[in-house]
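Beneath this line is the structure, given in structure tokens, with notes to follow.
Reminder, nothing fancy here: chain letters follow the sequence lines and each chain counts from 1.
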Amino acid sequence: MEYALQTKDLVKVYPGSYAVHHVNMNIARGDIYGFIGKNGAGKTTLMRLVSGLAKPTSGSIELFGSTDLSKQRKRLGCMIENPGLYPGMTAQQNLEVFRKVLGIAEKEVVEEMLETVGLSDVGNKKVKKYSLGMKQRLGIAVALLGHPDFLVLDEPINGLDPSGIKDVRNLLLKLCREKQITIFLSSHILGELSKIANRYGIIKNGKLIDEFTKEELDLRCRRCLKIELEQMGNALKVLETDLGITNYDVLPSNTLRVFERLEDASMINATLVRSNNLVKSIALSGQDLEGYFMDMIGGADE
Amino acid sequence: MSNLLRAEFFKLFKSKAFYVCCLCMIGSSIILIFTYKLLAMMYTPEMLNAMTEQMAGSGLAVSGTEMFMTDYTMVTILPLSFTGNTFQLLIAIFTAIFVAGEYSCGAMKAIASRGYSRVSIFASKFLTTAIAADLLVIVGLITTMIFAVIVFGFGEVPDGFALDLFKLLLVQFVLNLGVSSLFVAISTVVRNMGGCIAITIGISSFLPLVLSLADLIIGKILPESTLSISSYWIVQVIAENATFDFTSTLLTKGLITGILYTLFSFLIGAVAFKARDIN
């Protein structure tokens with residue numbers, strides 16, 4: 001498999017704490033990788049390491065299979081923390097600066113990009129008069145200049161209205177589909193992330209605690225009957241022999257997840273009770289990315 | 001590097017701060033001419049000589065003692081346009097906005113993440129600011145010349161004027177490069193627009209006093225010593241070189257001071273920019 005990004009034992013230490021703790025991350029070419037974590041978990045720091053804004057304490061980064069990062073970073077488009085824009089200049093002038101930085105000869109790319117992000121009507125307006133959402137769009141336009149192969153976007157839909165979020169979502173999906181651009185994206189709006197990404201990584205206290213595909217997420221989050229028992233006893237035997245249920249899994253703390261006969265909750269309950277398996281709770285359950293994420297990181301603020 | 005320079009010049013000529021600084025330079029040059037006019041009208045030569053002696057005797061680092069004279073013409077006033085600290089204040093403010101402002105607005109991140117080496121990013125900022133500083137000097141110089149001719153007349157051109165003018169411009173441009181380099185280095189280290197303005201203005205305004213005080217203390221502790229720290233402060237060297245009466249020692253000291261300030265500032269700025277993360 002060809003990778004856009006591979007990190008090996010990547011570490012970034014700030015005085016007194018690990019911001020990134022031995023992270024081994026792989027993002028395949030063409031992936032839209034959703035990066036999830038609480039505030040201060042290390043998302044932005046990792047993105048800053050990838051884009052060269054911060055230097056790793058140890059470990060290595062490979063971009064497109066190469067460790068010649070200054071060369072490979074020319075293939076990156078980044079928007080990290082906030083759109084880096086000149087407030088005293090218009091959107092056109094901002095794009096013009098970055099067109100020159102990238103040495104792009106075609107002047108028409110400026111208008112092209114403004115149109116791509118839906119700002120062509122306000123291209124002459126000074127950026128300081130823009131709303132946060134408009135700045136985000138312009139930041140994305142700057143990141144897209146030069147047709148990068150790999151986009152690193154930190155919270156790109158922050159401050160966007162619902163139609164703006166939808167536009168950015170469609171734009172990113174189109175870029176990935178039509179131009180095979182790899183996208184490394186973080187967001188706190190997990191519902192939105194789950195509509196875009198095909199792979200996910202969860203970071204907690206600087207450690208990458210889980211990576212999974214969209215299919216795996218669907219599998220982990222699919223609808224089920226969650227049965228909490230007093231003791232496991234012979235519950236599994238009852239499920240299989242008396243009820244004919246084979247599609248289930250066992251979670252810690254005497255909990256079962258049954259993925260079939262979801263409409264027969266009361267009958268399953270009665271059968272288990274009759275065979276001396278005390279049921280503490282039985283409920284129809286089904287998670288989304290947000291629920292799964294909350295489970296993984298251990299709920300709200302610890 | 002050439003792409004970065006093109007982008008920097010685009011930003012420079014779109015920068016409101018640059019044009020405001022140019023206007024301030026024009027304003028200050030005009031005020032300077034009319035101040036001389038007033039001096040010439042209000043004071044007799046004897047009074048001005050007494051003032052000159054009084055200030056020179058105070059031991060303070062007084063720039064441009066030639067300001068108290070009466071035979072003002074464009075030719076005699078031209079060197080005086082390099083005295084005072086207006087230019088230093090303006091370039092301090094401009095550098096803080098132009099260099100440190102990039103950190104404040106986050107644009108530095110967008111540039112630094114595009115694969116350019118840190119040294120080339122710093123060098124492009126350094127060169128652009130140096131050229132902006134020299135443009136400011138040129139604006140001030142031209143304004144002074146125009147208004148001096150209007151107010152006082154052109155004046156008699158002495159022998160060897162062209163060579164002296166060349167020496168004056170050469171040494172002043174090198175020294176001003178040193179000043180702008182110093183402020184670029186400070187902006188790169190501090191990375192905060194407000195902080196940079198405060199520090200650079202503080203340096204321009206108070207460092208000469210501190211250095212003069214240090215000279216007095218050294219003179220008290222070591223009466224035999226001829227060491228004068230303040231004479232190596234670049235603004236003081238600029239004032240010393242604001243003359244047509246160049247000696248080779250003065251010229252050499254001016255050029256070496258300018259070059260050393262430029263080199264050390266570049267080194268410090270480049271190392272600081274390379275070593276630290278960009279937030």
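Note: B:F13 and B:F9 have parallel aromatic rings, judged against thresholds of 30 and 60 degrees for the angle between ring planes. Classification of the A:F184-A:F150 ring pair by plane angle, with boundaries at 30° and 60°, yields parallel.
Here the side chains of A:I196 and A:L185 are in contact, with some heavy-atom distance below 4.5 Å. Inter-residue side-chain proximity for B:F122 and B:V184 is flagged as met; some heavy-atom pair is nearer than 4.5 Å.
Heavy atoms closer than 4.5 Å to chain B are found in both the backbone and the side chain of A:L145. Contact annotation for A:L102: both backbone and side-chain heavy atoms come within less than 4.5 Å of a heavy atom of chain B. Interface remark: A:K135 contributes no atoms to any contact with chain B (heavy atom separation under 4.5 Å). Heavy atoms closer than 4.5 Å to chain A are found in both the backbone and the side chain of B:K109. At a 4.5 Å heavy-atom cutoff, B:A17 makes no contact with chain A through either its backbone or its side chain.
The only member of B:V149, B:T143, B:I150 that meets side chain to side chain contact (heavy atoms under 4.5 Å, CB included) when paired with B:I146 is B:I150.
For the options A:A143, A:G139, A:P83, heavy-atom pairs under 4.5 Å to chain B are most numerous at A:A143. Heavy-atom pairs under 4.5 Å with chain A were tallied for B:R118, B:E8, B:R276; the largest tally goes to B:R118. The candidate with the highest count of non-hydrogen atom pairs below 4.5 Å against chain B, out of A:V152, A:L76, A:T44, A:L69, is A:L76. Listed options B:E102, B:R6, B:M108 were ranked by heavy-atom pairs under 4.5 angstrom with chain A; first place goes to B:E102.
Counting non-hydrogen atoms of other residues, nucleotides and ligands closer than 6.0 Å to CZ of B:F264 gives a total of 12 or fewer. Annotation for A:K74: atom NZ counts as buried by contact number, over 12 foreign heavy atoms lying within 6.0 Å. The environment of CZ in B:F166 is sparse: at most 12 heavy-atom neighbours from other residues, nucleotides or ligands sit within 6.0 Å.
Interface with chain B: from residues 48-55 of chain A, residues A:R48, A:S51, A:G52, A:L53, A:A54, A:K55 qualify, criterion being any non-hydrogen pair under 4.5 Å. Along residues 84-100 of chain A, the residues that come nearer than 4.5 angstrom to chain B, judged on non-hydrogen atoms, are A:G84, A:L85, A:Y86, A:P87, A:M89, A:Q93, A:E96, A:V97, A:F98, A:K100 in order of number.
Scanning for side-chain contact (heavy atoms from CB on, under 4.5 Å) contacts around A:S66 gives A:D68, A:Q72, with sequence neighbours left out.
A side-chain donor-acceptor contact under 3.5 Å links A:S186 and A:D154.
Taking the ring axis of B:F98 as reference, the NZ or CZ atom of B:K125 stays within 45° of it and closer than 6.0 Å to the ring centre.
Nearest heavy atom pair, residue B:A112 against residue B:I121, reads CA-CD1, 3.7 Å. Summarising the geometry of A:E192 relative to A:I157, their closest heavy-atom pair is CG-CD1, 3.4 Å, with the distance given to 0.1 Å.
The stretch residues 180-197 of chain B participates, sequence neighbours left out, in no side chain to side chain donor-acceptor pair (under 3.5 Å) pair at all.
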